[in-house]
Amino acid sequence: MELVVDRILLGHGSGGKLMHDLIAEHFGPAFKMEGLGDSAIIDSSELLVRSFELNCEIHKISERRTLNPELFRLAFTTDSYVVSPLFFPGGNIGELAVYGTVNDLAVSGAAPLFLTAGFIIEEGFPFERLKTIVSSMSRAAERAGVKIVAGDTKVVNKGKGDGIFINTSGIGLLYEGVEIAASKIKGGDKVLISGEMGNHGIAVMSERNGITFDPPIMSDTAPLNGLVRAMLDVTTDIHFMRDPTRGGLATTLKEAALESAKCIRIREVSIPVAPQVRGACDLLGLDPLYVANEGALLAVVDARAADDLLGVMRTHPNGTKARVIGEVAESPEGMALLETAIGGTRIIEMIQGEQLPRIC
């Protein structure tokens, strides 16, 4: 009689039949792949075709030309996801892993193309939950327009892995003429954000601690590459861009100020924070500016392009609540300052430790 297995066993990470079955039955079909190996051999014709089509769009090329290798600059990133709980209002660890890596590529000025996925699974983890996570990753990849092309699976002893951890790496094609770096920030630049701050961190925290809100606080986890593409279609005068995840908006602003040796001043009244998030932060003694986001971006842009950028951001589903929240000054160097709602000025520093651990 065949053994019916409805839980992850140590053997699923052994490299033998159980692992083969795991890949064949769960990962392969979800990611529409013939296999899920440790490394990917990407068909060169597919890479060239996708890269050529993307470059034709970027450079508005209507007729075929000889490909210029100098146009093919690649971006690569990797990240690991250990969020607790695995499922939270608005998302789960699977789509978080896909969108997090897609967004890291997007805010660097690249069009994401391919991802890898590594799984560390605890013995005894239910297949039903794994199926849900993998299916959500498949849908997230499709929504973001990327392919998951390789991966790895390891199983650890029960009690040693907290369910499942996921690592994703990604590669993308950089847009021509885009140089996004803190060193490009200059005096007079405008500071923009694409939406509300703190939704993801508070959504995860509320689920973790059994706290409910009416209406519920939903994570903002979402792919940002479409929004970034729309912004770059307007202008390449985007000097700095980042998705303010762990450490939140405040830590990202301070990092930008230090790296650029400029002063970034923002206005508290201009920063959108959902009433439930603000209430939760007041109740728990948290600052929403330090709470993680997973579907929002910060951009420092040339002042002449700010209005046009804001207009196109607000027409995109992931930027409807975009705002200009401040400006860049030459001094005091390396400072991030907040003009408070009551008229004072507060120095913004990087977060010490983590307000809310295991957020992503």
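Throughout, numbering of the chain's residues begins at 1 and tracks the sequence. Because only heavy atoms are used, hydrogens play no part in the values below, and waters and symmetry mates are left out as well, while side chains stay in.
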Indicate yes or no for a side-chain donor-acceptor contact from [X] to the backbone of [Y] under 3.5 Å, with no hydrogens or angles considered.
{"X": "Thr315", "Y": "Val312", "value": "yes"}
{"X": "Ser270", "Y": "Ile325", "value": "no"}
{"X": "Ser219", "Y": "Thr221", "value": "yes"}
{"X": "Asn293", "Y": "Pro244", "value": "yes"}
{"X": "Asn318", "Y": "Pro223", "value": "yes"}
{"X": "Asn225", "Y": "Ala144", "value": "yes"}
{"X": "Thr236", "Y": "Leu232", "value": "no"}
{"X": "Arg242", "Y": "Leu249", "value": "no"}

Exercise. Under 6.0 Å between ring centres, would you say that holds for Phe119 and Phe165?
Worked result: no

I need the [X] [atom1] to [Y] [atom2] distance, nearest 0.5 Å.
{"X": "Asp233", "Y": "Asp308", "atom1": "CG", "atom2": "CG", "result": "13.0 Å"}
{"X": "Arg314", "Y": "Ser194", "atom1": "CZ", "atom2": "OG", "result": "12.0 Å"}
{"X": "Phe31", "Y": "Ser135", "atom1": "CZ", "atom2": "OG", "result": "8.5 Å"}
{"X": "Asp214", "Y": "Ile217", "atom1": "CG", "atom2": "CD1", "result": "11.0 Å"}
{"X": "Ile120", "Y": "Asp152", "atom1": "CD1", "atom2": "CG", "result": "8.5 Å"}

Distance-only polar pair, side chains of [X] and [Y], donor-acceptor under 3.5 Å:
{"X": "Asn167", "Y": "Thr78", "value": "yes"}
{"X": "Asp189", "Y": "His239", "value": "yes"}
{"X": "Asn92", "Y": "Ser136", "value": "yes"}

Inspect the contact between [Y] and [X] and indicate whether a charged nitrogen and a carboxylate oxygen are less than 4.0 angstrom apart.
{"X": "Glu196", "Y": "Lys321", "answer": "yes"}
{"X": "Arg139", "Y": "Glu95", "answer": "no"}
{"X": "Lys190", "Y": "Asp302", "answer": "no"}
{"X": "Glu349", "Y": "Lys254", "answer": "yes"}

**Asked** Where does the angle between the aromatic ring planes of Phe88 and His200 fall among parallel (under 30°), tilted (30 to 60°) and perpendicular (over 60°)?
**Response** perpendicular

Query raised in the report: Do Leu130 and Met137 sit in the same hydrophobic cluster, where Ile, Leu, Val, Met, Phe, Trp and Tyr count as joined when their side-chain heavy atoms come under 4.5 Å apart?
Result: yes

Same apolar cluster: Met218 and Val98, side chain cutoff 4.5 Å | no

Show the nearest heavy-atom pair for residues [X] and [Y], with the distance to one decimal.
{"X": "Pro272", "Y": "Gly195", "answer": "CG-O, 3.5 Å"}
{"X": "Thr235", "Y": "Ala305", "answer": "CG2-CB, 3.7 Å"}
{"X": "Phe240", "Y": "Ala181", "answer": "CD1-C, 4.1 Å"}
{"X": "Val134", "Y": "His26", "answer": "CG1-O, 3.8 Å"}
{"X": "Val324", "Y": "Arg267", "answer": "O-NH2, 3.6 Å"}
{"X": "Ser108", "Y": "Ile180", "answer": "C-CD1, 4.0 Å"}

When you compare the side chain of [Y] with that of [X], does any pair of heavy atoms fall below 4.5 Å?
{"X": "Val82", "Y": "Asp162", "answer": "no"}
{"X": "Arg358", "Y": "Arg208", "answer": "yes"}
{"X": "Leu337", "Y": "Ile348", "answer": "no"}
{"X": "Pro288", "Y": "Cys281", "answer": "yes"}
{"X": "Cys360", "Y": "Leu96", "answer": "yes"}
{"X": "Met197", "Y": "Val291", "answer": "no"}
{"X": "Ile238", "Y": "Met231", "answer": "yes"}
{"X": "Phe76", "Y": "Leu105", "answer": "no"}

Side chain to side chain contact (heavy atoms under 4.5 Å, CB included) for Asn103 and Leu297? Distances and angles first, verdict last.
CA-CA 9 Å; Asn103 293 348; Leu297 65 80; over 6 Å; no

Count the heavy atoms of every other residue, nucleotide or ligand shown that sit under 6.0 Å from [atom1] of [X], and state whether that count exceeds 12.
{"X": "Lys131", "atom1": "NZ", "answer": "no"}
{"X": "Glu142", "atom1": "CD", "answer": "no"}
{"X": "Asp307", "atom1": "CG", "answer": "no"}

_Is there a side chain to side chain contact (heavy atoms under 4.5 Å, CB included) between Leu9 and Val155? Walk through the geometry before answering._
CA-CA 7 Å; Leu9 306 176; Val155 177; over 6 Å; no

Begin from the C-alpha positions of Glu122 and Lys158 and carry the test side chain to side chain contact (heavy atoms under 4.5 Å, CB included) through to its verdict.
-> CA-CA 6 Å; Glu122 182 182 14; Lys158 189 173 181 63; 4.1 Å; yes

Of Asp104, Thr116, Thr101, the one forming a side chain to side chain donor-acceptor pair (under 3.5 Å) with Thr168 is Thr101

For residues 274-289, the side-chain hydrogen bond (donor to acceptor under 3.5 Å, both in side chains) pairs (sequence neighbours left out) are Asp287-Arg346

request  = Using the side chain to side chain contact (heavy atoms under 4.5 Å, CB included) rule, take Ile185 and Glu259 through it: C-alpha gap first, then chi angles, then the decisive distance, then the call.
outcome  = CA-CA 9 Å; Ile185 297 174; Glu259 292 172 22; over 6 Å; no

